[in-house]
Amino acid sequence: MAAMLVVVGSRSVLAQGPDEYVSVVDEYRTGDPNTAIRTLARWAERSVEDSIRQWAKRLRPGQIVAAVMLHTELGAAILGSLPSRTSLQFGHARTLLDALTERRDEREHADAVLLHWFRFVISLYAADGRLVDAEIYARDALGRFPRDPILIFQKGAILETARSTNSPSAALALQRGRPPASATRQEQTLESAAAEFRRALAIDPRLAVARLHLGWVHVQLQDDRAREDLIAALADARNDRERYLAHLFLGGLAERQSRFDEAAQEYESTRQLCPACQTPYIASSRIEMARGRSEQARELARRFAALENVEDDPWWTYRFGTPDDDALTWLRAEAHRP
């Protein structure tokens with residue numbers, strides 16, 4: 001995802017009121033979005049609320065979408081430093097979206113905007129490790145769009161992550177598909193995540209990211225379907241990140257089953273996709289040690305140490321995921337559309 005604007009709140013002598021609010025919205029839509037975001041960041045909350053109350057039902061549809069994204073991008077920019085203000089900004093965006101949805105002639109367009117907005121906000125909260133917030137938005141979104149495979153996948157990913165973080169979201173894991181009582185709490189949560197991934201795949205069988213996560217969950221549960229899932233995910237992968245993770249997980253599965261030659265091949269494929277990522281070097285070195293080839297293991301370590309730059313490793317972000325760049329790009333295009 002493109003880097004979010006860093007916003008520093010401060011008092012401003014600029015006028016703040018309903019008339020000026022429209023100017024800020026139009027600046028975001030047709031001028032400089034960053035300037036508009038910085039301007040809104042300096043507004044008193046009362047002025048923002050008054051402006052939205054006055055204009056939510058009077059702005060043109062294109063202006064409403066721009067206003068939604070103005071508040072959303074501001075909220076995203078301050079999530080790490082002012083999460084409570086992020087909640088306020090997302091609340092303003094939802095108020096504006098509701099106003100757009102109430103317009104009968106805009107219902108289909110409003111639903112498309114709302115769906116992409118939910119996808120982005122859920123992914124943003126999950127990527128920041130705020131699983132309770134992500135879960136709240138996921139429930140809201142699925143109440144409105146119960147058969148959207150991306151939203152269903154996101155619900156499963158929240159449960160999968162909650163399993164390893166002792167998050168309060170883990171308490172929500174047993175709502176679907178109860179495994180045997182003898183299963184551990186972590187296994188139960190993983191089974192619930194897998195149920196969501198299967199539900200998403202029943203709607204979109206070629207949703208590679210859901211198949212990828214299902215495969216890795218099956219690896220952890222020692223389910224025989226894991227390899228088939230990961231091969232299918234690799235075949236349907238939409239980008240190198242998904243291909244990287246599919247090869248990495250196939251390697252991990254082979255390594256767990258002591259099929260070291262196969263594991264080495266998968267880790268080599270992973271390294272070819274990301275030559276400056278750390279994980280393939282560590283995994284390949286581990287395989288070489290298991291095969292009794294200590295010198296080759298040391299050579300891999302030296303090769304990694306000699307890299308001038310290390311790239312962001314998709315494995316590092318797998319646990320929480322990343323903000324949905326596709327949804328954000330779509331929303332920005334709608335906000336700036338003439």
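- For the ring pair (Phe, Tyr, Trp, His ring centres under 6.0 Å) test, no residue two or more places apart in sequence or in another chain qualifies with H247.
- Looking at I158 and I122, their side chains come closer than 4.5 Å, going by heavy atoms from C-beta outward.
- Here the side chains of L250 and S269 are not in contact, with every heavy-atom distance at 4.5 Å or above.
- In summary, of the residues considered (T95, L88, L40), a side-chain contact (heavy atoms from CB on, under 4.5 Å) with H71 occurs for L40 alone.
- F153 pairs with exactly one of V209, D148, L214 by the side-chain contact (heavy atoms from CB on, under 4.5 Å) rule, that one being V209.
- The main-chain N or O of G75 is found under 3.5 Å from a side-chain atom of T86 such that the two form a donor-acceptor pair.
- Using modelled atom types, one finds no donor on one side chain facing an acceptor on the other under 3.5 Å when comparing H92 with Q89.
- Side chains of V65 and R337 form no contact here, defined as non-hydrogen atoms less than 4.5 Å apart.
- In this structure, R144 and D111 have side chains that are in contact, with non-hydrogen atoms separated by less than 4.5 Å.
- With hydrogens and angles ignored, the 3.5 Å screen pairs no side-chain donor or acceptor of S47 with any backbone N or O of G17.
- Side-chain atoms of E255 never come within 3.5 Å of backbone atoms of F260 as a donor-acceptor pair (strictly under, hydrogens ignored).
- Counting heavy atoms from C-beta on, the side chains of I64 and W55 never come closer than 4.5 Å.
- Counting heavy atoms from C-beta on, the side chains of F304 and V310 come closer than 4.5 Å.
- Side-chain atoms of E160 and Y318, non-hydrogen and from C-beta on, do get closer than 4.5 Å to each other.
- For CG of D19, the number of neighbouring non-hydrogen atoms (other residues, nucleotides, ligands) closer than 6.0 Å is greater than 12.
- For Y28, the ring pair (Phe, Tyr, Trp, His ring centres under 6.0 Å) criterion is met by H336, not counting sequence neighbours.
- Side chain to side chain, N239 and Y244 fail the donor-acceptor criterion of an N or O pair below 3.5 Å.
- Between the side chains of S284 and R271, a donor-acceptor pair is found at a separation under 3.5 Å.
- Look at E262 and R227 and you find a salt bridge, because one of the NZ, NE, NH1 or NH2 atoms lies within 4.0 Å of a carboxylate O, short of that distance.
- For W330, the ring pair (Phe, Tyr, Trp, His ring centres under 6.0 Å) partners two or more places apart in sequence, or in a different chain, are H116.
- The pair D204-R147 does not count as a salt bridge, with every side-chain nitrogen at least 4.0 angstrom from each carboxylate oxygen.
- Looking only at side-chain heavy atoms (C-beta outward), W316 and T279 come within less than 4.5 Å of each other.
- Salt bridge annotation for E73-R332: present, with a cationic side-chain nitrogen under 4.0 angstrom from a carboxylate oxygen.
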